[in-house]
Amino acid sequence: MIQIEFALNAKNKLKPDKNVIGLAVGGSWLTKEMDEFSDLDLILVTRDKIAGDTDKMLEMAGLLGDLLSGFTGEHVGEPRVLICLYDQPLLHVDIKFLTLDELVPRVETPAILLDKEGQLEKIFSTSTYAFPFPDYQWIEDRFWIWVHYALLKIGRGEYFEAFDFFGFLRMVVLGPLLHIKNGNLPRAVRKVETELGEKDQVALRGTIPKYERRSLLESLRNAVALYRDLRKSLFGNRIELQRTTEEKVMEYFGQIEKRKE
């Protein structure tokens, strides 16, 4: 498999570098789910900090293979990651540049490929990882205002912006909550096609509208119904529901539905 071959070659190329402490790999490598469409998630641990200096990050990445292009991951909240595309073979590789003290905290414990002095193993064996789960109160406090925002966009005829809202809602709320309901890690909508039951998949597909007012409103109704079901299933008594906001927003929803296009 090209990902394994690339990772092992990277290990060999990094061995002589005195600044390199170790190399590890995470993601689908750990879960044994890697296939021809998988990217490669590498963690490069160095003595001197490289993250923050894009030129140095690109220079280091260029040593590992035929680097076509790369950019840092500010758009996903992780500037320490360099998102790379290599050629021969064409492969997507994410390289996270860390120092030893940045290995804790972490969302998973990666597999070690290179550990010159045993320091990675020591840190991984004496610390734990925790995958971030959504804050239910944070979601509830925002959900109904988001629905009202979507209604404004649909009401005004800004359908493209409404479309973006549905993608956001699936990524931030519905996908993670459905994953939790099914005993999975809340990885947005990743692999929902294989990790959710058919009923949940049908419910989620009901939030994908056509480019028309009626369909957008119907999909929004479906999104609200799905959220209410998930809220009932997952939220405990400690979550304060925004009942008044919900009631007012749903009244407005009815008013928008009654208007002619």
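Since this is a predicted model, take the numbers as computed values, not measurements.
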Review point. So, do Phe160 and Tyr211 have ring centers that fall under 6.0 Å from each other?
Key: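 Ring centres of Tyr211 and Phe160 closer than 6.0 Å.
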
Please round to the nearest 0.5 Å and tell me the distance separating atom [atom1] of [X] and atom [atom2] of [Y].
{"X": "Leu63", "Y": "Lys13", "atom1": "CG", "atom2": "NZ", "result": "8.5 Å"}
{"X": "Ser28", "Y": "Glu33", "atom1": "OG", "atom2": "CD", "result": "7.0 Å"}
{"X": "Asp53", "Y": "Phe97", "atom1": "CG", "atom2": "CZ", "result": "10.5 Å"}
{"X": "Leu174", "Y": "Phe143", "atom1": "CG", "atom2": "CZ", "result": "6.5 Å"}
{"X": "Asp115", "Y": "Leu120", "atom1": "CG", "atom2": "CG", "result": "4.5 Å"}
{"X": "Ile83", "Y": "Asp39", "atom1": "CD1", "atom2": "CG", "result": "9.5 Å"}

Exercise for review: Specify whether Phe133 and Phe131 have parallel, tilted or perpendicular ring planes, treating 30° as the upper limit for parallel and 60° as the lower limit for perpendicular.
Suggested key: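 The rings of Phe133 and Phe131 stand perpendicular, inter-plane angle above 60°.
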
Please determine, by modelled atom types, if [X] and [Y] share a side-chain donor-acceptor pair under 3.5 angstrom.
{"X": "Ser127", "Y": "Arg106", "answer": "yes"}
{"X": "Glu257", "Y": "Tyr252", "answer": "no"}
{"X": "Glu218", "Y": "Asn222", "answer": "no"}
{"X": "Glu212", "Y": "Ser215", "answer": "no"}
{"X": "Gln242", "Y": "Asp141", "answer": "yes"}
{"X": "Asp101", "Y": "Thr99", "answer": "yes"}

Heavy-atom count around [X] [atom1] within 6.0 Å, excluding the residue itself: above 12?
{"X": "Glu59", "atom1": "CD", "value": "no"}
{"X": "Phe168", "atom1": "CZ", "value": "yes"}
{"X": "Met1", "atom1": "CE", "value": "yes"}
{"X": "Lys56", "atom1": "NZ", "value": "no"}

Would [X] and [Y] show up in the same hydrophobic cluster when neighbours are defined by side-chain heavy atoms closer than 4.5 Å?
{"X": "Ile145", "Y": "Val172", "value": "no"}
{"X": "Ile208", "Y": "Phe166", "value": "no"}
{"X": "Leu58", "Y": "Leu85", "value": "no"}
{"X": "Leu42", "Y": "Ile112", "value": "no"}
{"X": "Leu82", "Y": "Leu103", "value": "no"}

Check your understanding: Using 4.0 Å as the upper bound for N to carboxylate O, is an ion pair formed by Lys122 and Glu117?
Key ->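 Judged by the 4.0 Å cut-off on N to carboxylate O distance, Glu117 and Lys122 do not form a salt bridge.
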
Practice item. Would you mind checking if Glu140 and Arg243 are paired as a salt bridge, meaning a charged N to carboxylate O distance below 4.0 Å? Key: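 No, Arg243 and Glu140 are not salt-bridged.
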
Exercise for review: Find out whether Ile95 and Val81 are in side-chain contact, i.e. whether some heavy atom of one side chain is under 4.5 Å from a heavy atom of the other.
Suggested key: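 Sidechains of Val81 and Ile95: no contact.
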
Check your understanding: So, does Asp66 use its side chain to make a donor-acceptor pair with the main chain of Gln88 at under 3.5 Å?
Key ->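 No, Asp66 side chain to Gln88 backbone: no donor-acceptor pair under 3.5 Å.
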
Practice item. Would you please test Val147 and Tyr227 for side chain to side chain contact (heavy atoms under 4.5 Å, CB included) and show each step? Key: CA-CA 11 Å; Val147 171; Tyr227 174 70; over 6 Å; no

Point to revise | Distance under 6.0 Å and angle within 45° of ring axis: Arg221 vs Phe253 | key: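 The answer is yes, since Arg221 meets both limits relative to Phe253.
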
